[in-house]
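In what follows, every chain begins at residue 1, and chains take the letters A, B, ... in the order their sequences are listed.
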Protein chains: 2
Amino acid sequence: MKADKALGVALTAYWRGDPADVSVNAICQLAGVSKPSLYREFGSEDGLKRAALDRYADEALSDLFAILRRGGGLEETLDALIDFASADPRMESGCLFYKMRAGKHRLGPRTRARVDEIDLAARAGYAAFLQARDEAGELRDGLSVEAAAAYLGEQIGLAITQRASGETPARVRGMMELALSVLKRGDGRAIE
Amino acid sequence: MKADKALGVALTAYWRGDPADVSVNAICQLAGVSKPSLYREFGSEDGLKRAALDRYADEALSDLFAILRRGGGLEETLDALIDFASADPRMESGCLFYKMRAGKHRLGPRTRARVDEIDLAARAGYAAFLQARDEAGELRDGLSVEAAAAYLGEQIGLAITQRASGETPARVRGMMELALSVLKRGDGRAIE
DNA sequence: GGAGTAAAATACCGAATGGTATAAAAATGA
DNA sequence: TCATTTTTATACCATTCGGTATTTTACTCC
């Protein structure tokens with residue numbers, strides 16, 4: 001279907017740019033799809049945005065969650081997260097989820113609800129991972145798993161956002177190593 | 001002049017909300033100023049935004065810079081920065097500078113240039129402060145002053161942004177203490 | 001091939017945007 | 001007091017937005 005192509009076009013347009021700055025008209029033009037067709041398929045701009053976010057979660061965020069569920073050690077997993085946020089080419093232009101969350105007030109109700117869902121799921125994923133590492137004695141003492149999960153999520157978001165704004169991968173990586181080192185028990189030593 | 005009042009209204013409106021979501025019409029209505037008057041004074045929306053940002057830098061950001069220039073020790077100064085970002089009531093609804101920087105692509109050329117100026121000035125301020133603390137032997141070993149300055153600036157921005165999005169001051173403070181502890185030599189101990 | 005139906009394209013709508021021309025009003029000078 | 005000039009207010013313009021009504025095309029079934 002043409003509407004399916006439109007969804008792909010919308011996803012990449014929202015992802016590369018700012019979701020609030022991509023108009024329905026532009027998506028129709030880019031995808032070669034008429035506006036009524038698009039509205040028949042998705043109902044509204046909110047519906048299209050939500051569908052794009054759904055696809056994004058399946059396509060890109062799932063990789064992030066997979067890292068957390070691999071069951072690796074703390075250091076190894078944090079390294080993988082740092083790699084993902086600072087070097088994965090797909091994140092070069094930012095993370096659609098974080099972009100949408102940053103401009104949540106501009107979203108329709110359905111998309112906003114999905115953003116909140118993903119936010120909760122991500123926090124839960126971080127918390128489950130950190131809980132396991134804490135039970136393995138790898139987490140820094142006196143750190144609340146809940147707070148550390150929020151911290152980890154925000155630092156990943158910050159890193160991806162910085163990268164999207166033109167910061168070099170090396171610099172983003174350095175900042176992230178600095179920020180995440182504080183989660184480790186031994187206490188992070190200085191980064192090279 | 002009435003235009004002066006309009007500038008105040010614009011500043012608070014931009015500051016409390018999203019600068020991109022506050023229209024010139026709304027500002028005129030709120031300030032009781034006619035649109036032609038406002039345009040005679042500021043030339044364009046870009047001019048008004050820039051003037052508001054100027055005033056913001058004088059009024060709010062100067063306090064932040066003052067903390068850096070007080071010449072206190074590393075720990076003391078970081079604590080003051082944490083207080084400012086996580087507890088100052090003026091930052092309750094976010095930082096206009098960081099808001100504008102986050103939506104830089106939506107700004108006119110004059111406002112954007114001012115954002116870049118402030119960005120540079122802030123980085124330089126952080127760097128000068130950290131340089132001094134490094135020479136006093138308080139900074140963690142192996143840390144580039146330049147990178148640490150960027151890190152510090154981003155963490156402050158993240159904290160204020162989080163607070164504006166509804167996070168509790170206590171939680172923001174906890175995350176910030178965690179993030180900034182890594183700058184200290186002794187290596188930060190865990191936060192309660 | 002022609003009737004009926006499903007899809008698509010064009011053209012349109014009302015609202016809101018930044019910005020301005022014009023008309024009304026107020027203040028100033030003689 | 002009258003004329004001039006400056007400031008203010010109303011009304012308007014062109015464009016863009018999300019969303020639809022209408023018309024035209026294409027396809028299916030008999």
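To the nearest angstrom, C1' of D:dA11 lies 16 Å from CD of B:Q29. The interatomic distance linking A:R40 (CZ) with C:dT5 (C1') rounds to 13 Å, in whole Å. In this structure, A:D21 places its CG atom 16 Å from P of C:dT17, rounding to the nearest Å. Atom CD in B:E41 sits roughly 16 Å away from atom P in C:dG19 (whole-Å rounding). D:dC17 atom P lies 11 Å from atom CD1 of A:I27, rounded to whole Å. Remark: P of C:dA9 and CG of A:L38 are 12 Å apart, rounded to the nearest angstrom.
You'll find the side chain of B:I67 stays beyond 4.5 Å of the side chain of B:F129, heavy atoms only.
Between the side chain of B:D46 and the backbone N or O of B:R110 there is at least one donor-acceptor pair closer than 3.5 Å.
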Please evaluate residues B:L139 and B:R185 with respect to the criterion side-chain contact (heavy atoms from CB on, under 4.5 Å), reporting the C-alpha separation (whole Å), side-chain torsions for both, the decisive distance (0.1 Å), and the verdict. CA-CA 5 Å; B:L139 202 62; B:R185 187 189 194 84; over 6 Å; no
Working for side chain to side chain donor-acceptor pair (under 3.5 Å), residues A:Q131 and A:E146: CA-CA 9 Å; A:Q131 176 72 38; A:E146 209 59 33; over 6 Å; no
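Within 6.0 Å of CD in A:Q29 there are 12 or fewer heavy atoms belonging to other residues, nucleotides or ligands.
In terms of position along DNA chain C, the nucleotide closest to A:S34 lies nearer the 5' end than the nucleotide closest to the other residue of the pair B:A26 and A:S34.
Close to D:dT8, at under 4.0 Å from its OP1 or OP2, lies a side-chain N or O of B:S37.
Among all heavy-atom pairs drawn from B:Y151 and B:L183, the shortest one is CD2-CD2, 4.1 Å.
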Sugar-phosphate means primed atoms, P, OP1 and OP2; the rest is base. With that split, encode nucleotides 19-26 of chain D 5' to 3' as B, S or - using protein heavy atoms under 4.0 Å. BBB-----
